[in-house]
Amino acid sequence: MKSMFWRILSGSLSRRKGRIAASVGAIALGVSLVVASVSLHQGIRGKVAEELKNYGANLVLLPANGTAPFLKEKDIGNLAVQGVKDRLIAHAPFLYQVVKIQGRDVVLAGTRFAAVKTVSPWWQVEGSWPEGKEAALVGLNVASKLGLRRGDRISAAYKASRMTFTVSGFLRTGGPEEHQIFVDLEASQLLTGRHGLLSAVLVSARAEGALDETAAFLRRTWPEADVRTLWQVARAEEALLSRIEVFLMSVSVIILFASGLGVFATMTTAALERKVEVALMRALGAGENRIAFIFACEALAIGLVGGMAGFALGFLFAEAISLSVFGSFIFPSLISAPTGLAVGIGVALFSSLSVVRKVARTATAAVLKGE
Amino acid sequence: MVPLIVLKDVIRDYNGKVRALDRVSLEICPGEWVAVMGASGSGKTTLLNMIAALDQPSSGLLLVDGIDLVSLTEEDRARFRREKVGLIFQQFHLVPYLTALENVMLAQYFHSMADSDEAAQALGLVGLEDRAAHLPSELSGGEQQRVCIARALINEPKIILADEPTGNLDAKNEDVVMGIFQDLHRAGHTLLFVTHDPHIGGQADRIIELNHGRLLPATSHAEGEPPVRALRDIA
Ligand SMILES: Nc1ncnc2c1ncn2[C@@H]1O[C@H](COP(=O)(O)OP(=O)(O)OP(=O)(O)O)[C@@H](O)[C@H]1O
Ligand SMILES: [Mg+2]
């Protein structure tokens, strides 16, 4: 047999379809805005941080003063330890040495080109990136000084050893790299006899959160390295991120308030219409808690259904916006679901319970008369 | 006998202007059946609301079953109503989304425990057994009034307060309802009901009459013979 509690609840939900639908709709709309704004907030932040990777390296590791003049290549494992790894996007090793080419002094830099592409994405290569140990990427300045063309063979000499490279492409960076020649790391180590040694490591670390913290971490895990921040890049990234953060935060808060207010207005109107009903229950001798429980359960049901519909809707909004702005989906924010549901259920509960409370505090006769 | 209901110099002012009850003093004994009469706006509903603890006097003494209603909190008033009184409202006040049966059960639910068989029986008593599953909007005014009566009686309250319980009834149903009141009276319930009909009022032990919030001194115990004053005023 159906209990009276369920009769009241199901009667109210099934026989007041119009009102219930309006309340569920208001909550769904409000929650969808909250969910969309929170999701976009999180998503945009991630997207911007992602795009900022293209700014390249923001940390450089050099041999620390007073220790060896080179870093050890095997110590690169220090960048993969727990707590550091997640903060880094990419890193590229470099070994620099002045060598003689066609009788002139030129800086020869050994590196790994695959890593360079992520750490220094702004490098522009005319021709093709070097492949193998005998290919070289020649800075534009060096190329014009030496009169080099693609496919030319150059001979580099360091002390007694000598190696030959083929020019695969030219490098344009707008920086000192245009005065250098880049070859494979192993080849340069072989030529200079510095097996397993490095002059520097360029690191591209995540800009969100303090870069200083990452640098401090690195100093601890790799004491032989002197960690320096490339401030121009790093400052710009962090400033941009924090400005975006503030902007997104304010928008989210405004949306939270606006939609909360909208839901509150609708729910309160719906609840106020039931003042007489609450007063009747009071007149029949129902305690405030008893009535509050009935109304709270109803509000909970409405809030839950509206909240879930709103979550789905908000999620679709966010993905649609992300798709049109970034051309890709965003990862659904985990915090948006509880935030959205909390707004929906919270406002539904608050507005219906405040009416129950108000009626319970007023002379029942007056409310019954419709005052 | 110790009176069940005592009002002493009860005044009820609305907004400091309208005086709905003006120094009303009244005692009603347990088991007594009292008819309240008087012109529209004379304060009959206000008087009933006082005794039902639905409203508070602006000043004066109000005791029901030994309980000082003036000093109660709203929560204690609700308990008082639950335990002591059955109410029949002038405007019925049925919950629109509950069936006739469920509306009766609602009073049981808040009182103790809902019992659909008992509620159906109460509806049968007022001749509505075949309307149990109807919503209030699907009932006539007289039918709604009878649902109200069934709801007021279901918990067998000590005091029954009825605001024009026969106002919307035809002669046949009026007889049915008056029969129920007579049974309740015989069973020892205290009845207070408002009526404009002197013949209905005449069935009570006593008629009290309100005029602009004041209780008229003339009261009657003559069975079936309402006081001349009341008759003249209403006509
Ligand atoms: N909330 C209120 N505010 C102001 N005046 C009120 C209020 N309620 C009732 N009154 C006034 O108090 C007086 C008594 O009202 P009451 O409802 O008790 O009359 P009544 O005798 O029941 O009339 P009726 O037979 O029409 O139901 C009336 O003059 C009415 O206008
Ligand atoms: Mg009245």
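Fair warning: this is a prediction, and the values are worked out from it, not measured in the lab. In what follows, chains carry the letters A, B, and so on, assigned in the order in which the sequence lines appear, proteins first and then strands, with residues in each chain numbered from 1.
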Using 4.0 Å as the upper bound for N to carboxylate O, is an ion pair formed by A:Arg15 and B:Glu102? yes
Is it the side chain or the backbone of A:Val367 that comes within 4.5 Å of chain B heavy atoms, both, or neither? neither
Any side-chain heavy-atom pair from A:Leu300 and A:Ile345 closer than 4.5 angstrom? yes
Answer with side chain, backbone, both or neither: which region of B:Phe89 has an atom nearer than 4.5 Å to a non-hydrogen atom of chain A? side chain
Side chain, backbone, both or neither of B:Thr73 within contact of chain A (heavy atoms, under 4.5 Å): neither
Relative to chain B, which segment of A:Ala360 carries a heavy atom at a distance below 4.5 Å: side chain, backbone, both, or neither? backbone
Largest heavy-atom contact set with chain B, pairs under 4.5 Å, which of A:Ala283, A:Ala366, A:Ala363: A:Ala283
Quick check on A:Ile294 against chain B: is it the side chain, the backbone, both or neither that has a heavy atom closer than 4.5 Å? side chain
Per-residue contact mode, B:Glu74 against chain A (heavy atom under 4.5 angstrom): both
So does A:Arg16 pair up with A:Glu273, basic N to acidic O under 4.0 Å? no
The interface call for A:Arg282 against chain B, heavy-atom contacts under 4.5 Å, is both
Contact class of A:Thr362 relative to chain B, heavy atoms under 4.5 angstrom: backbone
B:Leu69 versus B:Ala53, closest heavy-atom pair with distance: CD1-CB, 4.0 Å
Interchain contact, B:Leu87 with chain A, by part (heavy-atom threshold 4.5 Å): side chain
Residue among B:Gln144, B:Arg151, B:Arg146 satisfying side chain to side chain contact (heavy atoms under 4.5 Å, CB included) with B:Phe92: B:Gln144
Electrostatic pair B:Arg23:B:Asp9 at N-O distance under 4.0 angstrom: no
Over 60° means perpendicular and under 30° means parallel, so classify the ring planes of B:Phe193 and B:Phe181, tilted if in between. parallel
Please determine whether a side-chain nitrogen of the Lys or Arg among A:Glu288 and A:Arg357 lies less than 4.0 Å from a carboxylate oxygen of the Asp or Glu. yes
Go through the atoms of B:Leu135 and report whether side chain, backbone, both or neither lie under 4.5 Å from a heavy atom of chain A. side chain
